[in-house]
Amino acid sequence: MVKLILVLGDQLSDTLSALRKADKSTDVVVMAEVMGEAEYVPHHPKKIAFLFAAMRKFAMRLEQAGWTVVYARLDDPENAQTINGELLRRAEAFGASEVITTRAGEWRVIKSLEELPLDVTVLADDRFIATQAEFEGWAEGRKALRMEYFYRDMRRKTGLMMDGDKPAGGKWNFDHDNRKPAPGSVEYSGPMRFQADDVTREVIDLVREKFRSNFGSLDDFWFATDQGQARQHLSHWIKSGLPKFGDFQDAMMGDERFLYHAIVGLYINAGLLDPLEVCQAVEKAWQNGDAPINAAEGFIRQIIGWREYVRGIYFLEGSDYMDRNALEHKRNLPALYWGKKTWMRCLDKAVEQTREEAYAHHIQRLMVTGNFALLIGVEPSQIHEWYLAVYADAIEWVEAPNTIGMSQFADGGIIASKPYISSGNYIDKMSDYCKECSYKVKVKTGPDACPFNVLYWHFLDRHRDRFKGNHRMGNMYRVWDRMDADKREIVLADADRFLAKLDAGETV
Ligand code: FAD
Ligand code: DLZ
Ligand code: SF4
């Protein structure tokens, strides 16, 4: 009997468990570009174009390898426009009643597949270092789920940068050598850019036509769209970007959108690159003396540490995770996130590059757009949907823990031991944004003051009951409490005025 093998848009890996389980000679691979997936949040057109082009090329690759693939293009008149609708249509056409798939990376899709009146077998997604059972075993009984300890287990498991049972270089973590402020100039020419081929051009035209009102530019599309290109991009970055990756991992520059970042998240998350393969290539560069230990260790930690850890949390915490709102924040997401003018240069630059590239690096996400949303108290589900929509690497299993947990503290502290908030001082230290900003970062109150400076205290003041006992925040409260009472009043009044202007839709 024919079985349908469902391959989703972020499952473009030759080694996918569903494909391993299938019989090439009898089974049919089902892939579908559907409005249901393209519209549930208003994805950035570059993200949609990337996924559709990569899906089309992966389907061709499977066909060349001898698979029977039925592929629905978005504009096929017969397209049912949902994953389930497409499976039902193909089940009828092939007289099939069984579906094999690899577990989706979003609860929404997992739950929807459960509703199908077909016999659906869901296999584990083993394109990760840790199994879910391993993560749950690690998490069980722990008071705090801190990434650093989980990461050490993943180092031991993979043997990456290990000398026997000891970490290479005698330390697990070389972050002490990282986190340098923005450099004067960047020596790396940035990610490898690919000319759109025929498949990609056709997809771009389609996306331009169907998603013209979505936030985001489709101009100058340069992403890799197949495994071969993604590997070329990786080699290019390892040779030229990796050596300084660690040093400037946290730096931000107005005119350098990529600095030394790898821009591999979208490729790994879609399945074009394997996380272990990526880490092994980085380890090799370090072994050959082509990259320093702080760069190699820092990078590998992001992949086998953070990436694996947030995935574990997403599935451990369950499908209600996206609704968490521990700080009871209710403000609507300001229009500046969708490109409305702002005088705050850090936000203006982060949003501008997001619109143009469907990319911003971690510190821009955490300490600019995330920090601001947290300080002003945006409802977490709204900022979560924004991140899910606007970044090419955003799939919910990785985006939601980063947003709901790490960035917005909406899970009450499962991921972060304290909220990631800062005044303008941190942004000034790590970036070149403030020099040309209309606001003055050194000014603490009044109309010229950097808004982050007053919003920071406003946040601490309104959440005092929750955070005053947090030992990592004691210092902040001591500084606030020592401030002159009149000054405190002025700070809070300035912050309230700023929030009122924001809510009234004025340009801030
Ligand atoms: P690099 O800085 O070069 O890092 C290398 C790789 O490490 C990344 O590609 C990624 O695979 C991994 N990595 C690094 N940090 C994290 C992290 N915190 N969690 C998981 N993996 C990590 N990452 C996503 O892949 N998809 C998302 O939707 C996403 N949303 C985020 C939302 C917020 C609010 C924040 C603060 C972070 C988010 N991240 C997300 C994590 C991180 O910002 C991106 O992985 C990174 O910016 C991708 O760019 P890069 O490939 O150049 O990464
Ligand atoms: C993000 C996305 C988009 C925009 N479009 C599709 C699509 O048309 N077909 C598809 O199979 N997947 C798409 N995806 C990815 C899914 O929405 C979802 O994030 C993942 O399948 C979860 O594993
Ligand atoms: Fe951002 Fe404040 Fe710096 Fe302006 S002064 S760029 S608002 S941190």
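Every number for a ligand or one of its atoms is a count from 1 in the order of the listing.
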Residue part near ligand 1, for A360, under 4.0 Å between non-hydrogen atoms: backbone
Using distance alone, determine whether H361 and ligand 1 share an N or O pair under 3.5 Å. no
Is it true that the side chains of T354 and Y359 contain a donor and an acceptor less than 3.5 Å apart? no
Sub-4.0 Å heavy-atom contact, F299 with ligand 1: yes
Whether I83 lies under 4.0 Å from ligand 2, heavy atom: yes
State if F245 counts as touching ligand 1 under the rule of any non-hydrogen atom under 4.0 Å. yes
What protein heavy atom lies closest to atom 2 (C) of ligand 2? Include the residue and the distance to one decimal. L51 CD1, 3.6 Å
Under the 3.5 angstrom rule, does the side chain of R307 hit a backbone N or O of Q302 as a donor-acceptor pair? no
Taking the inter-plane angle between the rings of F245 and W237 on a 0 to 90° scale, is it parallel (under 30°), tilted (30 to 60°) or perpendicular (over 60°)? perpendicular
Applying a 4.0 Å heavy-atom criterion (strictly less than), which segment of L74 is in contact with ligand 2: side chain, backbone, both, or neither? neither
Side chains of Y387 and T369, donor plus acceptor under 3.5 Å: yes
For atom 8 (O) of ligand 2, what is the closest protein heavy atom, and at what distance to 0.1 Å? V34 N, 2.9 Å
Short side-chain donor-acceptor distance under 3.5 Å, N173 and E148: yes
Return the closest protein heavy atom for atom 46 (C) of ligand 1 as residue, atom name and distance. R365 NH2, 4.2 Å
Under 4.0 Å, counting heavy atoms only: does R108 come that close to any atom of ligand 2? yes
Are N214 and E39 side-chain neighbours, meaning at least one heavy-atom pair lies under 4.5 Å? no
N84-S112 side chain donor-acceptor pair, cut-off 3.5 Å: yes
Quick test of your reading of the structure: of L273, V264, I404, whose heavy atom lies closest to atom 51 (O) of ligand 1? V264
D290 side chain vs W286 backbone, donor-acceptor pair below 3.5 Å: no
Restricting to heavy atoms, the pick from A270, A32, G9 nearest atom 9 (N) of ligand 2 would be A32
Counting only nitrogen or oxygen atoms and a 3.5 angstrom limit, does M55 reach ligand 2? no
State, yes or no, whether a side-chain contact exists between I363 and Y426 at a heavy-atom distance under 4.5 Å. yes
Any idea which protein heavy atom is nearest atom 4 (C) of ligand 2, and the distance to it? H43 CD2, 3.6 Å
Regarding Y391 and E399, do their side chains bring together a donor and an acceptor under 3.5 Å, going by distance alone? no
Protein residue, atom and distance nearest to atom 49 (O) of ligand 1, heavy-atom basis: Y359 CE1, 3.2 Å
When you look for heavy atoms under 4.0 Å from ligand 2, do you find them on the side chain of L8, its backbone, both, or neither? both
Looking only at protein heavy atoms, which one is nearest to atom 25 (O) of ligand 1, and how far off is it? N269 ND2, 2.9 Å
Please report which non-hydrogen protein atom sits nearest to atom 7 (O) of ligand 1, along with the residue it belongs to and the distance in Å to one decimal place. Q302 CB, 3.1 Å
Interfacing atoms of ligand 3 (cut-off 4.0 Å, heavy-atom, M344): 7 (S)
Taking the side chain as every heavy atom from C-beta outward, state whether I414 and L316 have any pair of such atoms under 4.5 Å apart. no
Heavy-atom side-chain contact between E209 and R212 under 4.5 Å: yes
Considering only heavy atoms of V441, which atoms of ligand 3 have at least one such atom less than 4.0 Å away? 5 (S)
Contact flag C346/atom 1 (Fe) of ligand 3, N/O/S atoms, threshold under 2.8 Å: yes
Within 45° of the axis and under 6.0 Å from the centre of the six-membered ring of F409, does NZ or CZ of R324 qualify? no
Side chain, backbone, both or neither: the part of W397 lying under 4.0 Å from ligand 2 by heavy atom: neither
When you compare the side chain of F223 with that of Y267, does any pair of heavy atoms fall below 4.5 Å? yes
Measure from the side-chain N and O atoms of Q11 to the backbone N and O of T102, and report whether any donor-acceptor pair falls under 3.5 Å. yes
Got the closest protein heavy atom to atom 2 (O) of ligand 1, with its distance? H261 ND1, 2.7 Å
Please report which non-hydrogen protein atom sits nearest to atom 17 (O) of ligand 2, along with the residue it belongs to and the distance in Å to one decimal place. E37 OE1, 2.5 Å
Would K349 and E436 pass as an ion pair if we require N to O under 4.0 Å? no
Taking distance alone, with no angle check, do W306 and ligand 1 share an N/O pair under 3.5 Å? no
Out of F135, W172, W306, which one pairs with F150 under the ring pair (Phe, Tyr, Trp, His ring centres under 6.0 Å) rule? F135
Metal check, atom 3 (Fe) of ligand 3 vs C450 N/O/S, cut-off below 2.8 Å: no
Please determine if G265 has a nitrogen or oxygen closer than 3.5 Å to a nitrogen or oxygen of ligand 1. yes
In the protein, which heavy atom is nearest to atom 24 (C) of ligand 1, and how far is it? V398 CG2, 3.4 Å
Regarding ligand 1, does D393 bring an N or O atom to under 3.5 Å of one of the ligand's N or O atoms? yes
N or O contact, Q11 vs ligand 2, cut-off under 3.5 Å: no
Report yes if M406 has an N/O atom closer than 3.5 Å to an N/O atom of ligand 1; otherwise report no. no
In terms of atom number and element, which parts of ligand 1 are under 4.0 angstrom from non-hydrogen atoms of A394? 27 (C), 28 (O)
Ligand-side contact atoms (ligand 1) for residue partner A262, heavy atom cut-off under 4.0 Å: 3 (O), 52 (O)
For atom 39 (N) of ligand 1, the protein heavy atom that lies nearest, with its residue and separation: N402 ND2, 3.5 Å
Nearest heavy atom to atom 10 (C) of ligand 1: which of I303, L266, L388 does it belong to? I303
Would you mind checking which non-hydrogen protein atom is closest to atom 21 (O) of ligand 2, with the distance to 0.1 Å? D10 OD1, 3.2 Å
Salt bridge (charged side-chain N to carboxylate O under 4.0 Å, His left out) between R73 and D75: does it pass, once the steps are laid out? CA-CA 5 Å; R73 291 173 174 221; D75 52 359; 5.8 Å; no
Output for pair (L116 CG, L6 CG), nearest 0.5 Å, gives 9.0 Å
Among E399, R301, R307, H384, the residue with a heavy atom nearest to atom 21 (N) of ligand 1 is R307
Within a distance under 4.0 Å of any heavy atom of I427, pick out the atoms of ligand 3 and give their elements. 8 (S)
Give the residue, atom name and distance (to 0.1 Å) of the protein heavy atom nearest atom 47 (O) of ligand 1. H362 N, 3.3 Å
Does a side-chain N-to-carboxylate-O contact under 4.0 Å join D448 and K440? no
Consider only side-chain N and O atoms of Q353 and Q364, and report whether a donor and an acceptor are under 3.5 Å apart. yes
For K341 and T507, test the side chains for any donor-to-acceptor distance below 3.5 angstrom and give the result as yes or no. no
Flag: protein heavy atom within less than 4.0 Å of atom 15 (C) of ligand 2: no
